[in-house]
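As C-alpha cells, the structure follows; a few thoughts come after it.
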Amino acid sequence: MVKEIDYIKISRTKGTTMGGINREEILMKKIASWLVTSTILVAAAAPAAADPLKAEVMHWWTSGGESAAVKVFADSFDKAGGQWIDSAVAGGEAARAAEMSRVVGGNPPAAMQFNYGKQFAELVNNGYLRDLTAIAKEENWAKIMPPAVIKAITFDGKVYAVPVNVHANNWAWISTDAFKKAGTEWPKSWDDFFPTLDKLKAAGVTPLALGAQAWQERILFEFILNSEGGADTYRKVFVDHDVDTIKGPKFKAAVATMGKLRAYVDDGSAGRNWNDTTALVISGKAGFQVMGDWSKGEFRAAGKKHGTDYTCQTGVGDAGGYIYAGDVFVLPKNDGAEVAKAQDLLVKTMLSPDVQVAFNAIKGSIPVRNDVDTSKVDPCGQIGLALLKQPEKQLPAPTFTITPDTDGVLNDALAAFWADKNADEGAFIQQFADAIAADGQ
Amino acid sequence: MTEPRRLRNIAAQIALTPAWLIVAFAYVGTVVWTIVISFTSSKSIPSYNFVGWAQYARLFSTDRWYISINNIIIFGVLFLTICLVIGFLLAVALDQKIMFENSYRTVILYPYAMSFVVTGLIWQWMLNPALGIEKTVQALGFPNFSFDWIIRTDMAIYTLVIAGVWQASGLVMALMLAGLRGVDGEIWKAARVDGIPAWRVYLFIIVPILRPMIVTAVVLLSIGVVKAFDLVVALTKGGPGLSTEVPAKFVMDNLFLRANIGLATAASTVMLVTVLAVLVPWFYTEYARRNRGGHA
C-alpha cells in the first residue's frame with residue numbers, strides 16, 4: 001500500500017520535470033491502470049440489495065483449466081439463487097495482496113481465496129473474518145474432511161475458512177517416451193536413481209526437467225526429502241521444527257542428492273516457468289519433472305493420456321508420504337445481512353457433493369469431502385486418495401506450518417545453493433536450520 | 001505597486017493549496033508512515049507494535065540484502081557509464097549532418113518506447129542459451145560459440161546491463177543531440193581556425209557546454225537504477241540463485257510475497273536514506289555552481 005503511493009509520487013514528479021515518453025511514464029501508466037482496476041474492483045464491491053444474493057468472490061484461478069473449474073462454482077451458485085460476481089486476479093501473490101488491501105481498506109468482498117495454512121492467520125487474529133464454527137458443526141465437517149484439513153482451518157477452536165480441495169506437491173511426472181528411448185523405467189529405490197538418470201542422459205534426453213525458480217526448486221527438494229528421507233524426516237523438519245533432524249544424516253543425504261542433480265538439467269533451466277518445463281516432459285525431451293498435481297492440466301490440455309504418454313509417482317520407493325496443500329475460501333465480515341446470507345449459500349454450494357466432484361475433476365485435485373463418489377478421480381488422484389487414508393502418510397505442505405516470511409528465507413537459501421556448483425552443503429544446512437528455528441518462535 | 005502583487009500572490013497561494021496538501025499527505029505523509037512502520041513488527045497487516053531497530057538488525061544480517069546492494073552498485077555504475085558514453089557517441093555521429101538522420105534517430109530511440117518488462121522479455125529470449133544468440137550462432141556453423149551469461153551466477157548481472165543499456169542509450173542520445181544542436185557554430189569555426197583537432201573540441205569544449213544535458217541524463221538514469229525492479233523480474237527473476245537480486249525487488253518480495261511489511265519498509269527506508277545521502281550533496285554543488293553564475 002505504501003508502495004503504490006510511492007510509485008505514483010516518483011512517477012508524478014518525473015512527469016512534470018520531463019515531457020515525452022519515458023520509462024517512468026510507462027511505469028506510471030502501468031501502475032495507474034492497475035490502480036484504476038483495483039478502484040473499479042472496489043467500486044464493484046459496493047454492497048447490493050438486489051433480489052439474487054450477490055457474492056463477490058476474489059480468486060486467482062485464471063489459467064484455462066482453473067477458470068473452467070471455478071465456473072463450476074459460479075454456475076452452481078447462480079442456480080442455487082445467488083449471483084456470482086467474479087473478481088479474478090492473475091497470480092497468487094498479486095491476488096492475496098489485493099485481497100489484503102480490500103479487507104484492510106474496509107471494503108471486503110464476500111469471499112476470498114487463500115491456500116491452507118498461515119496466509120490468512122493475521123486476518124483471523126485481527127478479527128476480519130467470519131467465524132464459521134456453527135456452519136462447520138451443522139454440516140459435520142469434522143467427520144467428512146481429513147483431520148489435518150480441519151486443523152489447518154481451525155484457530156483457537158474456531159473454524160475460519162471453507163476448504164474446497166486437496167492438492168499435492170510431491171509428484172514426479174514421467175515421460176513414457178523418454179524412458180522407453182533410454183530403455184529404462186522409473187527407479188524402484190534411491191540406489192537406482194542416479195544410474196537411471198545416467199541412462200536417460202546417455203540416450204540424449206534431459207533427465208530432469210526443472211525450471212530453476214526458487215519455489216520449483218523447493219518442490220523438488222521437498223520431494224527428495226520426503227521420499228529419500230522418509231515421511232517422518234519431512235514431518236520432523238517442517239511440522240515439528242526439529243533442528244536436530246535438519247542437522248542429521250537423512251537431511252544431509254537429501255541435500256547431497258539435490259546438489260548432485262545440478263548435472264542433470266538442461267541449459268535453459270534458469271528462470272523457466274513451470275508450465276514451459278512441463279512441456280519438455282510432454283514432448284519427451286526430458287525424462288521427468290517434479291511438480292504439484294496442477295501439472296496434470298498441462299498434460300490433459302496437450303491431449304496426453306495417463307499410462308500411454310505419461311505416468312506419475314509420489315516418490316522413489318514408498319518411504320514418502322503425501323504432501324498435501326489446497327485452497328480455501330475465507331468469508332470476511334461484511335455490513336448487511338444480505339452478504340452474510342450470500343456467504344452461507346456460497347459455503348453450502350461449494351461443499352455440496354455434486355459440486356465437489358465436478359469442480360475437482362476439472363481442477364485436478366481431490367474432493368475435500370471423503371463421502372463423495374471418487375470413481376471420477378483420475379489415476380494419479382487415486383494414488384493420492386489411497387495415501388490420504390493412512391494417517392502417517394499425511395504430510396502438510398510447508399505453507400501450513402511456516403510463515404510466508406520463513407518460506408521466503410528458505411527459498412533464498414535454496415536458490416543460492418542450487419545456483420552455485422561449489423556451494424557448501426554445511427552452510428546451506430545451517431541457514432535452513434536457523435530459519436526453521438526462528439520460525440518456531 | 002506592492003499591494004496588487006501581494007494580492008496576486010495570495011490568490012496564487014490559495015490556488016496552490018490543494019497541491020500543497022497533496023504533497024504533504026500523499027508524498028511526505030506516506031514517506032513518514034513508511035518510516036514509522038519500519039520500526040514495527042508488521043507482517044501482512046500494518047500494526048503499531050514497535051520493536052525498535054529489530055527490522056534493521058535483521059536486514060543487515062541478511063545475505064540477500066548485501067547481494068542486492070552489491071548488484072545495484074555494479075549495475076548502476078556500468079549502466080550509467082555505458083549509457084552516457086554510447087549515447088554521447090551516437091549523438092556525435094548523428095550530428096555529422098548525415099543522410100537519413102531522422103530515421104536513425106527514430107530507430108535508436110525506439111527501444112526507449114518499450115517498457116523494461118518488454119525489454120527484459122526480449123533479452124531473456126535472446127540470451128537464453130537454448131533459444132537465442134548462442135543457439136543461432138552455433139547453428140550458423142560455430143559449434144564452440146558460447147554466450148551463456150544469463151545462466152552463470154558470476155555473469156548474469158551483466159546481462160541486466162546489456163538489456164538496460166540497449167533500452168536507455170537512445171534517451172541519452174536524444175538529450176545529447178538536442179544539446180549539440182544548441183552549440184554555437186562560431187565555436188567550431190574558431191576551433192578550426194586555431195587548428196584544434198575535432199576530438200579535443202568535443203572533449204574539452206563541447207562536453208562542458210553539454211553539462212546540463214549530462215546532469216539531466218544522469219538523474220533520469222539514476223532513478224531507473226534505484227527503481228530497477230521490472231527489468232530484473234522480466235529478465236532473470238533475480239536468478240540464477242540470488243545473483244541478480246536488487247534492493248527494489250527485495251522490498252517488493254517482502255511487501256507482497258513474504259507478508260513482511262516491517263522488513264520491507266525498513267529496506268525501503270534504507271534505500272531512501274542512501275539516495276538522499278548521495279543526491280543531496282551532489283544537487284547542492286550543482287545548484288551552487290549555477291547560482292554562482294556559471295553556464296546553464
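Reminder, nothing fancy here: chain letters follow the sequence lines and each chain counts from 1. The structure displayed is predicted, hence computed values, not measured ones.
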How long is the gap from CD on E245(B) to CG on D412(A), to the nearest 0.5 Å? 6.5 Å
Would you compute the distance between atom CZ of R272(A) and atom NZ of K237(B) and round it to the nearest 0.5 angstrom? 11.5 Å
Measure the spacing between CG of D420(A) and OG1 of T153(B) and express it to the nearest 0.5 Å. 6.0 Å
With a cut-off of 6.0 Å (strictly less than), are more than 12 heavy atoms of other residues, nucleotides or ligands near CZ of F145(B)? yes
Which region of Y128(A), side chain (C-beta onward) or backbone (N, CA, C, O), has a non-hydrogen atom less than 4.5 Å from a non-hydrogen atom of chain B, or is it both or neither? side chain
Donor-acceptor pair, distance only, cut-off 3.5 Å: does the side chain of R258(B) make one with the backbone of P404(A)? no
Measuring heavy-atom distances to chain A, does D148(B) have an atom under 4.5 Å in its side chain, in its backbone, in both, or in neither? neither
I'd like to check T403(A) versus K43(B) (side-chain heavy atoms, cut-off strictly below 4.5 Å). Are they in contact? no
Atom CG of N254(B) and atom CG of D405(A): how far apart are they, to the nearest 0.5 Å? 6.5 Å
Please tell me if the side chains of K135(B) and D267(A) come closer than 4.5 Å, counting only heavy atoms from C-beta onward. no
Supply the atom-to-atom distance D253(B) CG to N411(A) CG, rounded to the nearest 0.5 angstrom. 9.5 Å
What part of A416(A) gets closer than 4.5 Å to chain B, counting heavy atoms only: side chain, backbone, both or neither? both
With a sphere of 6.0 Å drawn around OH of Y158(B), does it hold more than 12 non-hydrogen atoms of other residues, nucleotides or ligands? no
If you count the non-hydrogen atoms of other residues, nucleotides and ligands that lie under 6.0 Å from CZ in F60(B), is the total more than 12? yes
Rounded to the nearest 0.5 Å, how far apart are OG of S44(B) and NZ of K118(A)? 12.5 Å
Under 4.5 Å to a heavy atom of chain B? For Q213(A) that would be side chain
Given that the side chain runs from C-beta out, which part of L123(A) has a heavy atom under 4.5 Å from chain B: side chain, backbone, both or neither? both
Measure the shortest side-chain to side-chain distance between Q431(A) and D63(B) over non-hydrogen atoms and say whether it is less than 4.5 angstrom. yes
Contact origin within V103(A) toward chain B - heavy atom pairs under 4.5 Å: neither
